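Read the structure below first, then the notes.
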Number of protein chains: 2
Amino acid sequence: MIKCVKCEQVDSIMKAGYVRGRQRYLCKSCNYYFTHSEKDPSILSLQKRKRHQTTIIDIARSLGVSNSTVSRALHDHADISPETRQAVLEKVTQLDYQPNQLAYNLVKSRTNTIGLIAPEFQNPFFPNVIIGAHEILTQAGYNLTIMQSNESYQVEVSNAKAMLANRIDGLIISLTQETNNFEHLNVFAKRGIPLILFNRVCKQVDVPKVVVNDFEASFQAVEHLILNGYERIAHLGGPLNLLVSQERLRGYKAAMEKYGKTIESHMIIQGMLTQQKARIYGQYLLDLADRPDAIFAVNDSSAIEIMLMAKEKGISIPDELGVVGFSDNPESVYIGPGLTTVRQPTLEMGRTTADWILQLIDSDDAELPEKKILKTELIVRGSSARKKVF
Amino acid sequence: MIKCVKCEQVDSIMKAGYVRGRQRYLCKSCNYYFTHSEKDPSILSLQKRKRHQTTIIDIARSLGVSNSTVSRALHDHADISPETRQAVLEKVTQLDYQPNQLAYNLVKSRTNTIGLIAPEFQNPFFPNVIIGAHEILTQAGYNLTIMQSNESYQVEVSNAKAMLANRIDGLIISLTQETNNFEHLNVFAKRGIPLILFNRVCKQVDVPKVVVNDFEASFQAVEHLILNGYERIAHLGGPLNLLVSQERLRGYKAAMEKYGKTIESHMIIQGMLTQQKARIYGQYLLDLADRPDAIFAVNDSSAIEIMLMAKEKGISIPDELGVVGFSDNPESVYIGPGLTTVRQPTLEMGRTTADWILQLIDSDDAELPEKKILKTELIVRGSSARKKVF
DNA sequence: AAAACTATCGGGAACGTTTGCGGATACGTT
DNA sequence: AACGTATCCGCAAACGTTCCCGATAGTTTT
């Protein structure tokens, strides 16, 4: 027999449909709806899984004080007696209390966490930037959560969304090669969440940026090749939607023009520089009828790929082909001949971005320059030293 | 004139001390204490900074429905009419609503986030593991937050604490060279939070581990040296509190014993292998009266450091000195002669750890093997090829 | 002895969600 | 009509903190 859960009557009960698969009843006498809940044991066991973590409330209760007192004791607040604080602290270790940062974050609406999105981890460049940023941020008491967009615009957007949803206090990001739309970044501006771009930056988002002097670096690299007697210099560049690529192309052209070299469009390739692509482009360049006598590549891995292909084809480096890369990867020292390349101050870049994001967080109207341009260094090695430099 | 905030009387007010720097009053007639709060404008401006993010409540209010309805609409819950859902969804884009993951996490007491702590990012090893883990986790809808312990036990502990406080759903960790105490990890077991160790593991924590076959790899490496005619083989190992180091030492000894080579303790060095230390140890080994004719180093950077020092000293490789490293860093291919080394399946290691942690999360009693041992591969190059291998 | 001050502590709202359960209505079916 | 069924929605309690306001007792100053 079904009893009304309110008036405990039995005879005035009538069925009243189903709700979520469970029989529904209506007690006519007290006009009360209810469902007869024979708890599904499987569901119960599922619930059981949620373990109880000791909370501030547990401590308060076991000590006979209020939550606020415990909270104060934990935060060295002034309004607390040494004895109570001591008692709380003891209870904390005894009950193995671990504060719930989620609740803290919710009420403070800050997370003490900085997000960082990098497009790839294959090359040592981004890991090194991370090391630099990590150093500054942990020192300032911030956590750093890192995501990897994997050179995919889609992933970048979803990463940014996740960061936003998790209410990070600031975002440091370097764009993917695909990124052409910047709505997902402008959201941060709208929300007033500090944002810094580095390395792979764009003009469309009006936030501080940290980059290297790509134009000059590129100019110097190409100039260096020219001064070493190379004539037909090809440029293996990145995708042109990246400012980095544009700047490096500009530097290349500027140097070529300065020394009266003709700029030939079939000597300039812009594209996504995966290792595979690098092989294809290298093949193309090295098989040209008017084969270039030097190549300035946008990263070291492409440059090395080309060096290897040249060796296969019996083209001697640096006599028949000069090669300059970009980034100074560890392997560039050891390849024979050593790869001339542009060293980037990765650690400093990381430190600067971290430093800036902290400034933006600390003061609403921090007056940051719109851009910081870090100095690179041309590391001359054998791959471009036709005129024996060392 | 001061009015009582309750009874609005004026004459029965008396001063009653200060509270936190503000004048306190007592209304005699209604026996009510209060402070006269002329809000400090500077504090107000500080408050103002907290921007309002549109919440579910905003949407509910502007639509004239309840919070629960909005919540249901956002989660494709059954109890919602298509029209209401549509209306909510429109409002969402209109008001630019972004769910607050913090609140969600708090009520669900899960974060959909996996933590990963790695000791360093200098070598490509850990970044590569991260790539693998990242791939699996994002695919499964989890976020990955990465911390770097910087080879410091202290930092590792504080990282683990932060992870715990942030209520991650699982932790993947590789220990620092310093880590000898494991309390910070046992906490996870106590709390029932899934934990996986990889690479730098230890016996003292009873959770699944993912490693490579260090013993065999080491054995093969040393055996390879012996078969190439090297006699006095030194071992440059890592700190012995790491199982990795112990295993590799064991493999070294086993191979030496198998071929009847005497194991001399002054030929075995165990220590933290920073680049600086590697130079010191290398100096020591190469200056020994009974200089080793081969060195098996625990990582590639040390091995390369030694190769460079040997070159400086005019010791020819591989004729006078054989060198074998560990990890197959990118540069190891290019150094001359190429460095013989042990290639580790980094991506697979990352994928496996991620896969396992997901299994642990999904089912309370997932039966995982206590250890997975991934296969390595000995990459033979010139640095050990006295008997021209290629 | 009133007034002012100090040192502690508790109550309870707020942070933004989810969700179990009750209530209401519309639409069938006897 | 009377009843059964299905659909949709709102209420309110969590989740675990922080912190603003009081409240109280004791001490010191005037």
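Computed over heavy atoms, backbone and side chain alike; hydrogens, waters and symmetry mates excluded. Proteins come first, then strands; the chains are lettered A, B, ... in the order of their sequence lines, and each starts at number 1. Quantities reported herein were computed from a predicted structural model and do not represent experimental measurements.
- Not a single donor-acceptor pair, N or O on each side, falls under 3.5 Å between the base of D/dC19 and the side chain of A/Ser71.
- Counting distance only, with no hydrogens placed and no angle test, the side-chain atoms of B/Arg167 and the base atoms of D/dG16 include no donor-acceptor pair under 3.5 Å.
- The nucleotide whose nearest atom lies closest to any side-chain atom of A/Ile57 is, among D/dT17, C/dT18, D/dG10, D/dT17.
- A/Ser109 contributes no side-chain N or O that forms a donor-acceptor pair with the base of C/dG16 under 3.5 Å.
- Qualifying side-chain hydrogen bond (donor to acceptor under 3.5 Å, both in side chains) partners for B/Arg72, counting only residues two or more places apart in sequence or in other chains: none.
- Residues satisfying the side-chain contact (heavy atoms from CB on, under 4.5 Å) criterion with B/Thr145, sequence neighbours excluded, are A/Thr145, B/Thr113, B/Met163.
- Every residue two or more places apart in sequence or in another chain was checked for a ring pair (Phe, Tyr, Trp, His ring centres under 6.0 Å) with A/Phe188, and none qualifies.
- Applying a 4.0 Å cut-off to non-hydrogen atoms, none of the residues of residues 80-89 of chain B approaches DNA chain C.
- Nucleic acid contact class of B/Thr55 (heavy atoms, under 4.0 Å, all strands): sugar-phosphate only.
- Applying the 6.0 Å contact sphere to CG of B/Asp206 captures no more than 12 heavy atoms from other residues, nucleotides or ligands.
- Under the salt bridge (Lys or Arg N to Asp or Glu O under 4.0 Å) criterion, A/Asp96 pairs with B/Arg191, not counting sequence neighbours.
- The side chain of A/Val107 lies closest to C/dC15, out of C/dC15, C/dG12, D/dG10.
- Residue B/Gly64 is the one, among B/Ala103 and B/Gly64, whose nearest nucleotide of DNA chain D lies closer to the 5' end (criterion: closest heavy atom).
- Within a heavy-atom distance below 4.0 Å of DNA chain D, no residue of residues 91-102 of chain B is found.
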